[in-house]
Trainee: 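This is the structure I have questions about; it appears just below.
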Amino acid sequence: MSRSGVSGSAGDAIPSAKTPSRAVIISALGVTQIFAWGTSYYLPAVLAAPIVAETGWSLTWVVGGLSLGLLTAGLVSPWVGRAIALRGGRPVLAVSAGLLAIGLLALALGHSLPAFMAAWLVIGLGMGAGLYDPAFATLGRLYGESGRSAITTLTLFGGFASTVCWPLSAFLDAHLGWRGACLTYAAFQLAVALPIYLFLLPRESRRPIVEPLTRNLETLKPPQSAAPSGGIFLLLATTITLASVISTVMSVHLLTMLQAKGLALTAAVSLGALVGPSQVAARTIEILIARFHHPIWTKIAATSLVTAGLAALWIGGSFIVTALLLYGAGIGLESIARGTLPLAIFGPERYPVIMGRIAMPSLIAQAVAPTIGALLLKTEGPDGALAVFFAIAGSNALLVVGMLFILQGAHKG
C-alpha cells in the first residue's frame, strides 16, 4: 500500500496576519486538552476518596458521577460534530470551557447528592464538546488532509493529562480541599482555556454539512462514483467502541488485576506507571513514520499490540512488564487511529460529522464499561475477566483486518 497523502487543502479559516501559526494552535489546544481531561475524566481518581470522606456519600455514587458525565457526552456528541462541521471548532470548544467551569463550580458548591449528579451532567456536556473528538474535528476542519499530523501531535499532549493533573489534584486537595480544587479548575477553564479558544483559534466561515461518503484508500481522493458508506462507518464505529471499552476497563481495574497476579500494591502502582511512557513512546514513533503509511496500519498495530499485551498479562509471571509495555503502546496508537483513520476514509469535509457520530457509542460504552468490568472480576475472577478482555481485543483486531480488505476492495473496484 502506498503512502498516504497529506497535502490536501486546508480548512476555510479566515486568513489574516494575526492568525496564529499551526504550531501555536496545536500547542494551545494541547494545553487545554490536558486540563479538559484532567478536570473531568481523571478528576475522580484523586478526588473521589476525599469527597466520600467529607460527604459520607457512597463511593459508587461518587464515581457514578463520571459515568453520568460520559453518558451525557455520548448523547450530545452527534450534535457537537454537526456544529463543528457547520461553524468550526472555535465556538464549540469555547462553550465546552464554559460548561466545564460551570460544572466544576457546581461540584464545589453542591452539598447534596442530587446537586452533585446535576453538576456531573453539566460537566458531561462540556466533555462532549471539548475532549479528543471535538478537538480532532476542529483540526481536521482547519487543516484538511494535513490535519493528520496535527491530530497525532495533539495526542502527545493529551497523554500527559493524568501525569499533570493527578499530582496537581492531590496538591490542591491537600491545601484547599476537594472543593477548592474544583474551584481552581473552574477558574482555569474561564481564565486560560476560554481565552485560548476565543483568541487563538481562527474564525471559520459557515459551511453546509456534507453527509458521509467513503474515499479511495490508495490516493485519498474522492472516488469517481462514491456511495453512502454505512457499512464502513458501522465497522469503524464498532472497532473504536470496543477499543474504548477495553481501555476504560483496564484504566479502572488494572491495579486490581496486577495485585491478583501476586504483586503488592506498591509494585503494582510502579509497574502500572509503565503504561504512560509506553503510550508517549508509541505516539512519538508514529509521528516520525506516519507519512509512510495509511492510518489503517496504525489501527492494525494498535489493536494487535493491545491484544498481545492482554494475552501476556493473562499469562502473567515474567511477562507482566512486557504486557504493560505492549498494552501501553497499543492504546497510545489507538488514540491516534481514532482521530486519523476517519479523516483518511471520509475526508475533511465529512470528518466533523463522522467524529460526532463515532463518539456517541464510544462514550456511552465507556460510561458502563467499569461496571461491566467489576461484574466480570466478581463472577469470573481476574483470570476469567482477562480472558474475556483478550477475546474482545482479539475480535477487534480481526475486525480491523477485515476493514483493511474492504477498503482495498473498494479501491480495486
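Just the heavy atoms: all of them, side chains too, but no hydrogens, waters or symmetry mates, feed the values below.
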Trainee: How close do Gly128 and Ala73 get, heavy atom to heavy atom, and via which atoms?
Mentor: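 Looking at all heavy atoms of both residues, the shortest contact is N-CB, 3.5 Å.
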
Trainee: Before giving the answer on side chain to side chain contact (heavy atoms under 4.5 Å, CB included), spell out for Val401 and Phe405 the whole-Å C-alpha distance, their side-chain angles and the decisive distance to 0.1 Å.
Mentor: CA-CA 7 Å; Val401 172; Phe405 286 117; 3.5 Å; yes

Trainee: Determine whether Arg22 and Ser149 satisfy the following criterion, side chain to side chain donor-acceptor pair (under 3.5 Å), listing intermediate values before the conclusion.
Mentor: CA-CA 11 Å; Arg22 179 186 174 108; Ser149 61; 2.6 Å; yes

Trainee: From Thr303 OG1 over to Ile392 CD1, what is the distance, rounded to the nearest 0.5 angstrom?
Mentor: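 It is 14.0 Å, given to the nearest 0.5 Å.
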
Trainee: Within the side chain of Arg283, is there an N or O that forms a donor-acceptor pair under 3.5 Å with the backbone of Gly332?
Mentor: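 Checked: pair present.
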
Trainee: So do Ser77 and Leu363 actually touch side chain to side chain, heavy atoms under 4.5 Å?
Mentor: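 They are in side-chain contact.
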
Trainee: Compare all side-chain heavy atoms of Leu326 with those of Phe319 and state whether any distance is below 4.5 angstrom.
Mentor: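 Not in contact.
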
Trainee: Spell out, as yes or no, whether a donor-acceptor pair under 3.5 Å connects the side chain of Asn396 to the backbone of Thr239.
Mentor: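 Here the side-chain-to-backbone pair exists.
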
Trainee: If you round to the nearest 0.5 Å, how far is CD1 of Ile345 from CG of Leu235?
Mentor: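 So the CG of Leu235 and the CD1 of Ile345 are separated by 8.5 Å.
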
Trainee: Consider side-chain contact (heavy atoms from CB on, under 4.5 Å). Of Phe157, Phe136, Tyr197, which one does Leu29 pass it with?
Mentor: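 Among the candidates, only Tyr197 passes.
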
Trainee: Do Ile336 and Arg148 come close enough that some side-chain heavy atom pair is under 4.5 Å?
Mentor: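 Contact flag for Ile336/Arg148 side chains = no.
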
Trainee: Is a donor on one side and an acceptor on the other found under 3.5 Å between the side chain of Ser247 and the backbone of Ser244?
Mentor: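 Yes, the answer is positive, given that a donor and an acceptor are paired below the 3.5 Å cut-off.
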
Trainee: In this structure, are over 12 heavy atoms from other groups packed under 6.0 Å from Trp57 atom CH2?
Mentor: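 Correct, the count exceeds 12.
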
Trainee: Report the relative orientation of the aromatic rings in Trp166 and Tyr42; use parallel for angles under 30°, tilted for 30 to 60°, perpendicular for over 60°.
Mentor: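 Perpendicular: the ring planes of Trp166 and Tyr42 meet at over 60°.
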
Trainee: Decide salt bridge (charged side-chain N to carboxylate O under 4.0 Å, His left out) for Arg141 and Glu349; before the verdict, give the C-alpha distance in whole Å, the side-chain angles of both, and the deciding distance to 0.1 Å.
Mentor: CA-CA 7 Å; Arg141 196 183 193 277; Glu349 297 84 5; over 6 Å; no

Trainee: Could you tell me the separation between the CG atom of Leu71 and the CE atom of Met360, rounded to the nearest 0.5 Å?
Mentor: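 Answer for the CG-CE pair, Leu71 versus Met360, is 9.0 Å.
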
Trainee: Phe116 vs Trp178 aromatic rings, parallel, tilted or perpendicular, using cut-offs 30° and 60°?
Mentor: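 Correct class here is perpendicular.
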
Trainee: Check whether any side-chain heavy atom of Met257 lies under 4.5 Å from a side-chain heavy atom of Leu377, and answer yes or no.
Mentor: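 A side-chain contact under 4.5 Å exists here.
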
Trainee: Run the side chain to side chain contact (heavy atoms under 4.5 Å, CB included) check on Phe233 and Phe346 step by step: do they pass?
Mentor: CA-CA 9 Å; Phe233 169 79; Phe346 294 98; 4.0 Å; yes

Trainee: Got a donor-acceptor contact below 3.5 angstrom from the Arg90 side chain to the Leu200 backbone?
Mentor: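 Judged by distance alone, no pair lies under 3.5 Å.
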
Trainee: For residues Pro352 and Ala85, report the shortest heavy-atom separation together with the two atoms involved.
Mentor: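 Closest heavy-atom pair between Pro352 and Ala85: CB-N, 3.5 Å.
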
Trainee: So Glu286 and Thr298, side chain to side chain donor-acceptor pair (under 3.5 Å) or not? Walk me through it.
Mentor: CA-CA 8 Å; Glu286 172 68 9; Thr298 306; 2.8 Å; yes

Trainee: Do you know the tightest heavy-atom contact between Leu93 and Ala135?
Mentor: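 Shortest heavy-atom contact: CD2-N, 4.5 Å.
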
Trainee: Are Met403 and Leu407 close enough that some pair of their side-chain heavy atoms sits under 4.5 Å apart?
Mentor: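 A side-chain contact exists here, since the closest heavy-atom pair is under 4.5 Å.
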
Trainee: With side chain to side chain contact (heavy atoms under 4.5 Å, CB included) as the criterion, how do Thr39 and Phe188 come out once you've worked through the C-alpha distance, each side chain's angles and the decisive distance to 0.1 Å?
Mentor: CA-CA 10 Å; Thr39 62; Phe188 175 90; 5.7 Å; no

Trainee: Closest approach of Leu75 and Pro78, non-hydrogen atoms and distance?
Mentor: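 The answer is O-CD, 3.6 Å.
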
Trainee: Restricting to non-hydrogen atoms, name the atom on Ile354 and the atom on Pro342 that form the minimum distance, rounded to 0.1 Å.
Mentor: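 Looking at all heavy atoms of both residues, the closest pair is CG2-CB, 3.9 Å.
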
Trainee: Identify the heavy atoms of Leu59 and Ala48 that sit nearest to each other, and give their distance.
Mentor: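 Nearest pair, atom of Leu59 first, then Ala48: CD1-CB, 4.0 Å.
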
Trainee: Could you check if a side-chain atom of Ile51 sits within less than 4.5 angstrom of a side-chain atom of Pro44, using non-hydrogen atoms only?
Mentor: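 Answer no - side chains too far apart.
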
Trainee: Can you confirm if the NZ or CZ of Arg338 lies within 45° of the ring axis of Tyr132 and under 6.0 Å from the centre of its six-membered ring?
Mentor: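 The answer is no, since Arg338 fails at least one limit relative to Tyr132.
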
Trainee: Can Ser40 and Leu100 be said to form a side chain to side chain contact (heavy atoms under 4.5 Å, CB included), step by step?
Mentor: CA-CA 8 Å; Ser40 59; Leu100 288 173; 4.3 Å; yes

Trainee: What distance do Leu313 atom CG and Leu324 atom CG have between them, rounded to the nearest 0.5 Å?
Mentor: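 Leu313 atom CG to Leu324 atom CG measures 6.0 Å (nearest 0.5 Å).
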
Trainee: Do Leu310 and Met250 touch side chain to side chain, with heavy atoms closer than 4.5 Å?
Mentor: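 With C-beta onward as the side chain, the pair touches.
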
Trainee: Kindly indicate whether the side chain of Trp120, heavy atoms from C-beta on, has any atom under 4.5 Å from the side chain of Leu43.
Mentor: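 When only atoms from C-beta onward are counted, Leu43 and Trp120 do touch, with a gap below 4.5 Å.
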
Trainee: Can you tell me how far apart CG (Leu70) and CD (Gln366) are? Round to the nearest 0.5 Å.
Mentor: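 These two atoms lie 6.0 Å from each other.
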
Trainee: To the closest 0.5 Å, what do you measure between OG1 (Thr241) and CD1 (Ile246)?
Mentor: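 One gets 11.0 Å once the value is rounded to the nearest 0.5 Å.
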
